[in-house]
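These notes concern the structure reproduced below.
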Amino acid sequence: MTGYHGPLQSMVFRNADLPALFHRADELAVARQREAVQATRLQLLLLVLGACLAALPGTWRIGGAFQPAGALSALAYAGVLVVTYRASRRRPKSQWQLNRSAAEFIKSMSWRYAVHGAPFDSASPDVDGAYLSRLEEGLAELRKVGWADPREAEKASGSELITPAMRMLREKPFRVRKETYVRDRLIEQRNWYHRRQVVSRRATALWSATTAALTLLALLLGALRAFSVGGSPAAAGLLSAAAAASVAWSEIRRHQPLIAAHSLVEEDLAAMHTAMETVVTESQWPTAVYETERVVSPQHTDWLVQHRR
C-alpha cells in the first residue's frame, strides 16, 4: 500500500514505496538464500543416504560380484561432490549475504531520507544530492567485495532511487513523520525480530531433540555391542552420521545464536520506541532515527551473533 492522506494528514509508508533497486536486491537475496539452503540440505541428505546404502548388507549382488547398494552409495557421494563444486562456482551464500546487505542498506537510507534522519535532517543542504551520493558510495563498497549491481544489466536510472512516496513523506510535518516511522518502521522491525525468535526457538527445540534421539539410539547400540548382546556397527555408524547431519544443519541455520541476537535487538527497539514516544524532540529526531537504523542493520545483528555465543 502506498502513501495516502487521511483526515489528520497521516501517511502509510511500506516496502512498496521503496526504490526499485531495493526490490531487485531483495528478490536476488531471497533467490540466492533459497539456492544456498537447498544446496546445503542436498549435501547433508546425500551424505546420510550414502551412509545408509553403505550400511546395507552385501547379499544383494548382480552377476556374482556387482553390488547395487555399493554403486548407489558411490553415486550419492559423487552427488555431494557435484553439488559442492556447483556451489563453489555460483557462490550463492556470498551473493545472498551481499544482496541482503544491499537491500537493507537501501531501505535504511531511504527511511532516513524520508523522515529527516541523520545525515538527511531538515537543515541539510541539497538533501537529494547528499542522499544519492551517500547511497552510491555505500553500494560502491559492496561492489568492491563482489556484489553484482543489477543496474549494470538492467540499466536502471539513478532518479529511481528517490520515489514519489519518499518525497511526499519528507514534506510532511514532524508529527506525521514521527508517527509514520514509529508505526511502519520501528514497530514493524520489532515485531519481525520477535517472530524470528519464535521460529528459531521452535527450530532449536526440534533439531536438539532429533540429535539427542539419534545419539541415544547410537549409544544404546554401542552399549549392547560392548556386552556382546547385539547391536550392529553399521547401524550405529548410520545413526552417528544422521546425528552429525542434524548438528551441522542446526549450526548452519544459526538458530541458537540468532535467538540471543534478535532478543537484544528487540529490547533495544522497545527502549527506542518508548524514547521516541516520550522524550525525543524534533531536534533530537535525526540522531534517534540514525541510531534505530544502526540497530536494525544486518551488520549489527552479525556482530551480536559473534559475541553472544
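A quick note: this is a predicted structure, and the numbers were derived from the prediction, not measured.
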Q) Charged N to carboxylate O below 4.0 Å: is that the case for Lys107 and Asp26? A) no
- prompt: Mind checking whether Gln95 and Leu28 have side chains closer than 4.5 Å, heavy atoms only?
  reply: no
* Charged N-O contact under 4.0 Å between Glu35 and Arg90 -> yes
| query | Does Tyr193 use its side chain to pair, donor to acceptor, with the backbone of Val296 at less than 3.5 Å? | reply | yes
task: Would you indicate whether the side-chain heavy atoms of Ser122 and Phe174 approach each other to under 4.5 Å?
output: no
Side chain to side chain, Ile106 and Pro19, heavy atoms closer than 4.5 Å:
yes
- Indicate, with yes or no, if Val80 and Val48 share a hydrophobic cluster defined by side-chain heavy-atom contacts under 4.5 Å among Ile, Leu, Val, Met, Phe, Trp and Tyr. no
Checklist entry - Taking Arg177 for the side chain and Lys172 for the main chain, is one N or O donor matched with an acceptor at less than 3.5 Å? => result yes
Report task. Examine the side chains of Thr84 and Gln43 and answer whether a donor and an acceptor come within less than 3.5 Å of each other. Result -> yes
**Message:** Donor-acceptor check, side chain of Ser246 to backbone of Ala242, threshold 3.5 angstrom: yes or no?
**Reply:** no
| query | Given the rule in the side chain to side chain contact (heavy atoms under 4.5 Å, CB included) test, do Trp111 and Phe13 qualify, once you have shown the distances and angles that lead to the verdict? | reply | CA-CA 9 Å; Trp111 269 108; Phe13 191 90; 3.4 Å; yes
Arg151 and Leu21: CA distance, side-chain angles, deciding distance, side chain to side chain contact (heavy atoms under 4.5 Å, CB included) verdict
CA-CA 8 Å; Arg151 292 176 298 178; Leu21 184 57; 3.7 Å; yes
Check your understanding: Is the closest side-chain heavy-atom distance between Val182 and Glu277 below 4.5 Å?
Key -> yes
Here the gap from Arg91 atom CZ to Arg86 atom CZ, rounded to the nearest 0.5 Å, amounts to 14.0 Å
Between the OG atom in Ser133 and the CG atom in Asp128, the distance rounded to the nearest 0.5 Å is 12.0 Å
Here the pair of heavy atoms bringing Ser73 nearest to Gly50 is OG-O, 2.9 Å
Polar side-chain atom of Tyr77 near backbone of Ala51 as donor-acceptor pair, under 3.5 Å: yes
Review point. Within a radius of less than 6.0 Å around OH of Tyr290, do more than 12 heavy atoms belonging to other residues, nucleotides or ligands occur?
Key: no
Nearest heavy-atom contact between Ala102 and Leu139 is CB-CD2, 4.4 Å
When rounded to the nearest 0.5 Å, the distance separating CZ of Arg100 from CD of Gln33 is 7.5 Å
Taken to the nearest 0.5 Å, the spacing of Leu72 CG from Leu53 CG works out to 5.5 Å
- Criterion side chain to side chain contact (heavy atoms under 4.5 Å, CB included) on Trp249 and Val247, from CA distance to verdict: CA-CA 5 Å; Trp249 179 254; Val247 172; over 6 Å; no
**Request:** Check whether any side-chain heavy atom of Leu98 lies under 4.5 Å from a side-chain heavy atom of Ser101, and answer yes or no.
**Result:** no
Decide whether Tyr85 and Val83 are clustered together by the hydrophobic rule: side chain heavy atoms of Ile, Leu, Val, Met, Phe, Trp, Tyr closer than 4.5 Å, transitively.
no
Is Ser124 reaching over with its side chain to a backbone N or O of Asp121, donor-acceptor style, under 3.5 angstrom? no
task = Please indicate whether His194 has more than 12 foreign heavy atoms, meaning atoms of other residues, nucleotides or ligands, lying under 6.0 Å from its NE2.
result = no
Output for pair (Arg112 CZ, Tyr181 OH), nearest 0.5 Å, gives 8.5 Å
In terms of heavy-atom contacts, Ser110 and Leu18 come closest through CB-CD2, 3.6 Å
Closest non-hydrogen atoms of Met276 and Leu186, given as atom of the first, atom of the second and distance, are SD-CD1, 3.6 Å
_Is there a path of hydrophobic side-chain contacts, each under 4.5 Å between heavy atoms of I/L/V/M/F/W/Y residues, joining Leu75 to Leu49?_
yes
CG of Asp149 to CD of Glu136, rounded to nearest 0.5 Å, is 7.5 Å
Check: Ser263 side chain, Ile259 main-chain N or O, donor-acceptor pair, under 3.5 Å: no
Are Val115 and Thr180 packed together at the side-chain level, in the sense that at least one heavy-atom pair is separated by less than 4.5 angstrom? no
Would you check if the side chain of Ser200 reaches a backbone N or O of Leu258 as a donor-acceptor pair within less than 3.5 Å?
no
(message) Hydrogens and angles aside, do Arg294 and Ser297 bring a side-chain donor and acceptor to less than 3.5 Å of each other?
(response) no
### Query
Salt-bridged, Glu137 to Arg134, with N to O below 4.0 Å?
no
### Path from Trp207 to Leu217 over hydrophobic side-chain contacts below 4.5 Å
no
Looking only at heavy atoms, the pair that brings Leu161 and Met166 closest together is O-CE, 3.7 Å
- Is it the case that more than 12 heavy atoms not belonging to Arg183 sit under 6.0 Å from its CZ atom? yes
* Between Val176 and Ile187, is there a shared hydrophobic cluster once you connect ILVMFWY residues whose side-chain heavy atoms come closer than 4.5 Å? -> yes
Check: Is the NZ or CZ atom of Arg170 positioned over Tyr113's six-membered ring, under 6.0 angstrom from the centre and within 45° of the axis?
Finding: yes
Quick one: does any side-chain atom of Asp17 pair with a main-chain N or O of Arg14 as donor and acceptor, under 3.5 Å? yes
Nearest heavy-atom approach of His262 to Trp192 is NE2-CZ3, 4.3 Å
Indicate yes or no: at least one non-hydrogen side-chain atom of Phe120 is less than 4.5 angstrom from one of Met109.
yes
*Side chain Glu291, main chain Ala288, donor-acceptor under 3.5 Å*: no
Before you tell me yes or no, could you show the steps for Arg253 and Val37 under side chain to side chain contact (heavy atoms under 4.5 Å, CB included), namely the whole-Å CA-CA distance, both residues' side-chain angles and the distance that decides it to 0.1 Å? CA-CA 9 Å; Arg253 300 297 285 169; Val37 170; 3.0 Å; yes
- Short N-O contact, Arg185 and Glu179, less than 4.0 angstrom: no
| task | Measure from the side-chain N and O atoms of His255 to the backbone N and O of Gln197, and report whether any donor-acceptor pair falls under 3.5 Å. | result | no
| message | Using side-chain heavy atoms (C-beta onward) and a distance below 4.5 Å, is Leu264 in contact with Glu267? | response | yes
